[in-house]
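The structure appears below as structure tokens.
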Amino acid sequence: MTNLAASALPLDDDQNQRLQRAVEGLSPEQLLWVSGFAAGLAAAAGAQHAAVAPVAAVGRRLTVLYGSQTGNGEGIAEQLVALAKQQGFAARALNLADFKPSALKRESLVSFIVSTHGEGDPPDDAELFHEYLMSDRAAALPDLEYSVLALGDSSYVNFCQTGREFDVRLAELGAMRFAERVECDLDYDAAASAWSSQVVERLPELLDAPPSPAVTHLRAVADAPVHGRDNPFAAEVLVNQRITGAGSDRDVRHIELSLEGSDLEYEPGDALAIIANNPPSLVDEVLDALSLDSEAIVVVGEEPVSLRAALSKKTEITALNLDFLRRWAGHGNSDALHTTIDDADPAVLTEFVTAHQVVDVVRRYPADIDAQAFVDMLRPLSPRSYSIASSAAANPGEVHLTVAAVRYEAFGRPHWGAASTMLADRLDAGDRVEVFVERNPRFRLPSPDTPIVMIGPGTGVAPFRAFIEERAEQGAGGESWLFFGDRTMHNDFLYQLEWQRHLNRGNLTRLDVAFSRDQRKKIYVQDRMRENGAELYRWIQRGAVIYVCGDAKRMAGDVERTLIDIIAEHGGVDCEVAEQQLKALRRAKRYQRDVY
Amino acid sequence: MSKLDVEKIKADSAHLRGTLLESLADPLTGAISEADTQLSKFHGIYQQDDRDVRSERARQKLEPAYSFMIRARIPGGLLTTSQWLGMDRIAREFANDTIRLTTRQAVQFHGVVKRDLKRTIADINQAALDTLAACGDVNRNVMAPPLPSLSRVHRQVQSHAEQLSAHLTPATGAYHEIWLDGKKLLSIADEDEPIYGDTYLPRKFKAAFVVPPQNDVDVYAQDLGFVTIVDNGDITGFNVTVGGGMGMTHGDTATYPRLADVLGFCEPGDVLAVAEAIVKTQRDYGDRANRKHARLKYTIDDRGIDWFRGEVERRSGVTLGKPRHFAFVANGDAYGWHKDDTGAFHYTLFVENGRVRDDGERRLLSSLRAIAERHRCEYRLTPNQNLIVSKVAARDKARVDATMAEFGIENSVRASPLRLHSMACVGFPTCGLAMAESERYLPSLVDKIDAVFADAGLADAPVTLRMTGCANGCARPYIAEIGLVGKGPGRYSLFLGAGFAGQRLGAPYRDNADEAEILDALEPLLRGYGSERGEGERFGDFLVRKGLVHEVSEGRLIHES
Ligand code: SRM
Ligand SMILES: Cc1cc2nc3c(=O)[nH]c(=O)nc-3n(C[C@H](O)[C@H](O)[C@H](O)COP(=O)(O)OP(=O)(O)OC[C@H]3O[C@@H](n4cnc5c(N)ncnc54)[C@H](O)[C@@H]3O)c2cc1C
Ligand SMILES: Cc1cc2nc3c(=O)[nH]c(=O)nc-3n(C[C@H](O)[C@H](O)[C@H](O)COP(=O)(O)O)c2cc1C
Ligand code: SF4
């Protein structure tokens, strides 16, 4: 371990010599202790990377490329790199947005982690890479060995679509798959860990280097937050206030939670995950439809619980997924259901999965089942994300959310979303709800002097409330422009009084609104953007960062097309060039999206 | 709002234009700017908000539920059926499905939102009515008696009222510019406001014509009144009255309701000249520093009626004659069918508190639409918030009856005499000044007072009862025999002893009384009235005669009891 190749060192010559002198003559035990000591120093100084990468096989390393919208894939990528380094291998994790697609041909070993969003689309940060990879421009990759971890949600028809596309296309380009693709559903923990272990186990052979024994059990002593996904914090509800007027057909809540007593921290742009439970009436309906005893004991995970508890707190019964449909069809041997699944075109199937809840299916295609078998068919209940609507600086010890209650009629019964109606209907001030923070480094305020344009109709306005509060708190000088839209000005102008106040005080420079139902012709945010296209283009020219938050189904796409049109029209270029310019803006982090 | 310097706003407004166009275009609020809320009044438009949901909306982080009340100006309350049908359409398309008949024979729409304002005003004009000067510091809707027992006199008085109204209408082009896409004026130097000048009047100004012996318009409550003197079926001239007004402020004894004084007699040809001189005198001498002391009634009390007469005679060049004799018998309406001297029929319909709407079986709005569509007639709005289906030919009478029956309104006159002589101002939820319920509450209170009446053997006794939600007195409560003036939620000041013809003010009798206290106070008095009243003696007169309340001889003395 002496005479390290200078090129691999983060030390200059002088530092190197001093280090060599300091460790001279130490025993292996002493050396280990010193390494731990140094790691502790590093953690205390806030270093990002836990262990100093030992340099085995210089030049050969594992590159983990990830595309992640809500941070799941990013977390897995970081864990994989940490694990590889722990075993003494060189490894690095890079967001696909920060990776030049054409550089792929220079890589020899890459593990891809990518989720699927929208309707089978790549996450935003993987969009450019995806486009390159799928295009004719993509270079041949004879020297690359790769593996793919695909993240997804089996309630979507295009389950893990992007991961699948990566896997197939890389092989087409001549790359060698060193491990089979693994597809993860929302409960990705176990599958993702197994895949990571498998990758690391193959590293000695792939990198042609033995693991370095010197640093095997070194782990960063970073202050990992105590409260997180694995250990959510029970936050007290401070306020649960409807903020749509009495005449609105939508129920949007402003929720304030106390973070007092937790170590949770957040920045504007982050989301808060909520551990939900299911509507009690829906649990009753399921029990009733299947004629099952609510007190029957079932095992979920390792834990024995009553069936009622399992259906309330452990399993998804509001959102349907394809997996369940297949299993139910298999179990009941229902031809009709098989036909629906196998013969329907994807759009129809998506519609079916979206609109139906579990209870609709078991009612329509009845079959006898015992409690355990039924629970086994269901997916674990996953946390729901909500954009944080507050600035911590402006609201110390609190976090605010803007939640639209999901309630709709279908198949002759009311359908309620799990988390949103829990927040709206089943929690009062004083109650507690389990939460953790989801970091979203891809949705961040720029320097205080940089102008920002925020496009956030509906609950998409939530993070912009946090942005403006934060900027007001900072006394930021940068101009800000918000586009908001909803159904009616009278009842659906979320946070109207606050925006008026921010405008009066100069915290917000400009606000343009589109209320779709206030006139015969429907008007949306993109129409307001178009009307103000020249001015919007000037803001972009002046360096403004553009943010889009809210509906992914329609809004985000419409807004993006409008941005391209505006750039084309006012920049005097054709649409393709405009599209390239918008992509450049995205790469420069001047076009950021948080859509769902 | 009172903090706003209305005088400055008027002066800076470029003849009432202000920034109304910008305010209307602001998409971030259902409101107009604060200064513009003062100016919009001159255009007949009040910004209001639904007070029922005010605190709820604040919690919802939404601005108040702003909407606008629009008042159309209708001199003498006379409407063609096609004008009515226009109003009816507007009520259903832009307002809250009601038409509100006012105590000044006008109509109001409530609940019009900002983005519909312009179309609503345009449609009102389309229906050959307008809203200019229905509110604001100018002359308001000119009243005239609607009951045409003498059709010839009525026609002439109506014509005087219309001429006076036209003569005192502001000349500004702002109204056309803003609401009717009229041509934009470049400089107000090119626009003359001959009677009012650039700052208009210090305060609102109200004028009415009356034909004795009915005092339905309550001429004593008007800044300017013309009491028609008829001789042998011809109008010989008018006694001119000045300085009436109702509004006061609770707890502020410098404010008071005041009955008008008779200034003198003028000939029909001098009406406009005299009226203009009176308006201009008030324009120049009215108090512009204190809006609570700015009405003509204070100008006259401060400077004396003789000084005032001198000013008016000097400015008009008219020497006023000695007042002629006249007498009033009542200030209410006569319900049901009446035949006039030409043989035409008129039906006075009781409209409880002036609110025309469909309410279950009683579909007043629909019925008035149907009558207007099906029958030859005209409508007259009364100063007591009622409506007269007027000029019905004898052969159509039964058909009008049938239409009313079809919509469940034929039995309106079967209400108790007390209810038929009752009136409430708008109050909650639209009126921004209301302190207590009024229109929404009076009907149920009348039920209870009716029971007291019945117990006292007074089931057939007409007694005037008026309620307002605050001391401004929009339903003229200080000249009702029983006046209830809102002071706080569920609390009213009780005034008693006014004259049945509106010729004497009531005296404060109870302060801050809730319903039980009101009923307790009335019960013994009514019982006494039931057993001890003289032949034809009115309740107010009875109380004064018996010394049960003191007689208020002059408005400024009202607080001294
Ligand atoms: C609709 C009406 C009452 C009704 O139930 O019919 C009415 C309603 C209002 N009156 Fe009045 N006044 C109405 C006749 C009166 C009368 C009776 C009369 O004119 O014969 C009076 C007493 C006479 C007088 O002027 O002294 C009257 C004295 C007031 C006052 C007090 C004025 C004063 O100088 O003391 C105010 C408040 C103010 O002007 O500051 C007021 C203000 C108001 C406002 C506009 C409230 C405001 O300023 O924000 C009310 C609107 C309520 C709503 O939601 O509609 N209203 N108001 C009457 C409309 C008449 C019209 O067509 O022009
Ligand atoms: C990063 C991120 C940020 C988010 N921020 C916010 C936010 O700030 N505010 C917010 O309100 N939400 C936000 N969401 C959405 C939120 O996470 C939940 O998805 C939403 O609240 C629904 O959850 P639920 O448990 O109530 O409904 P679920 O129980 O999950 O049921 C929802 C399902 O019902 C179905 N469905 C819903 N509506 C209809 C309909 N009209 N017709 C037919 N089927 C329908 C769909 O299948 C849908 O998936 C965000 C999501 C993400 C990923
Ligand atoms: C708006 C939205 C759309 C999604 N669409 C799909 C989809 O079409 N197919 C799929 O397999 N998963 C879909 N998912 C599920 C995500 O891929 C899954 O939540 C994944 O764990 C996210 O990983 P990430 O945080 O790394 O982006 C969607 C999730 C969201 C929030
Ligand atoms: S009396 Fe008062 S409460 Fe009633 S309408 Fe007039 S201002 Fe409003």
Side-chain angles (χ1 to χ4, degrees), chain A residues 239-248 250-256 389-390 400 402 429 461-462 465 469 481-504 508-521 523 525 527-528 531-532, chain B residues 3-4 19 22-37 45 47-70 89 92-98 109-123 428-430:
Chain A
V239 173
N240 174 355
Q241 171 64 51
R242 180 178 161 125
I243 55 169
T244 41
S248 176
R250 298 208 310 147
D251 181 359
V252 176
R253 299 299 172 116
H254 174 72
I255 306 277
E256 298 187 1
S390 52
H400 303 175
T402 314
V461 82
R465 182 175 182 268
E469 283 187 357
W481 186 353
L482 174 65
F483 288 90
F484 175 76
D486 214 305
R487 288 183 181 167
T488 69
M489 181 191 79
H490 189 70
N491 286 313
D492 308 295
F493 194 164
L494 307 182
Y495 301 109
Q496 179 184 29
L497 284 178
E498 295 188 6
W499 300 125
Q500 290 177 349
R501 224 171 293 133
H502 283 310
L503 280 167
N504 284 337
L508 179 64
T509 317
R510 223 187 131 153
L511 172 56
D512 280 277
V513 288
F515 293 105
S516 59
R517 302 196 178 174
D518 278 353
Q519 59 285 309
R520 225 157 275 148
K521 185 174 159 282
I523 293 177
V525 276
D527 301 312
R528 293 292 183 231
E531 285 166 24
N532 295 287
Chain B
K3 292 273 176 305
L4 279 185
T19 56
E22 290 86 334
S23 276
L24 290 175
D26 182 351
L28 303 181
T29 171
I32 57 180
S33 83
E34 228 180 325
D36 287 335
T37 62
I45 298 164
Q47 179 173 307
Q48 304 186 317
D49 73 281
D50 183 347
R51 297 183 63 187
D52 287 347
V53 299
R54 198 183 267 180
S55 63
E56 176 186 328
R57 299 264 307 177
R59 268 180 283 131
Q60 290 167 336
K61 302 178 189 289
L62 295 167
E63 69 179 13
Y66 290 117
S67 66
F68 293 81
M69 179 269 274
I70 301 175
R89 256 194 315 277
R92 288 178 292 125
E93 189 172 349
F94 300 115
N96 61 354
D97 292 320
T98 76
F109 300 104
H110 289 104
V112 178
V113 295
K114 187 169 84 173
R115 64 171 182 278
D116 289 338
L117 258 186
K118 203 169 155 172
R119 275 206 48 207
T120 309
I121 302 284
D123 282 11
F428 281 105
T430 53

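Here is the naming used below: chain letters follow the sequence lines, and residue numbers restart at 1 for every chain. Atoms considered below: every heavy atom in the structure, side chains included; atoms not considered: hydrogens, waters and symmetry mates.
- The two residues E56(B) and A246(A) have their closest heavy-atom pair at OE2-CB, 3.8 Å.
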Evaluate the side-chain contact (heavy atoms from CB on, under 4.5 Å) criterion for residues R115(B) and H490(A): first the C-alpha distance (whole Å), next the side-chain angles of each, then the deciding distance (0.1 Å), finally the verdict.
CA-CA 11 Å; R115(B) 64 171 182 278; H490(A) 189 70; 5.9 Å; no
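- The main-chain N or O of L28(B) is found under 3.5 Å from a side-chain atom of Q496(A) such that the two form a donor-acceptor pair.
- In this structure, no portion of S67(B) lies under 4.5 Å from any heavy atom of chain A.
- Top candidate by heavy-atom pairs under 4.5 Å with chain B, chosen from R242(A), Q500(A), E498(A), is Q500(A).
- Between the side chain of E63(B) and the backbone N or O of L497(A) there is no donor-acceptor pair closer than 3.5 Å.
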Residue pair R57(B), N491(A): steps toward the side-chain contact (heavy atoms from CB on, under 4.5 Å) verdict
CA-CA 9 Å; R57(B) 299 264 307 177; N491(A) 286 313; 3.5 Å; yes
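- R54(B) CZ: more than 12 foreign heavy atoms inside a 6.0 Å radius.
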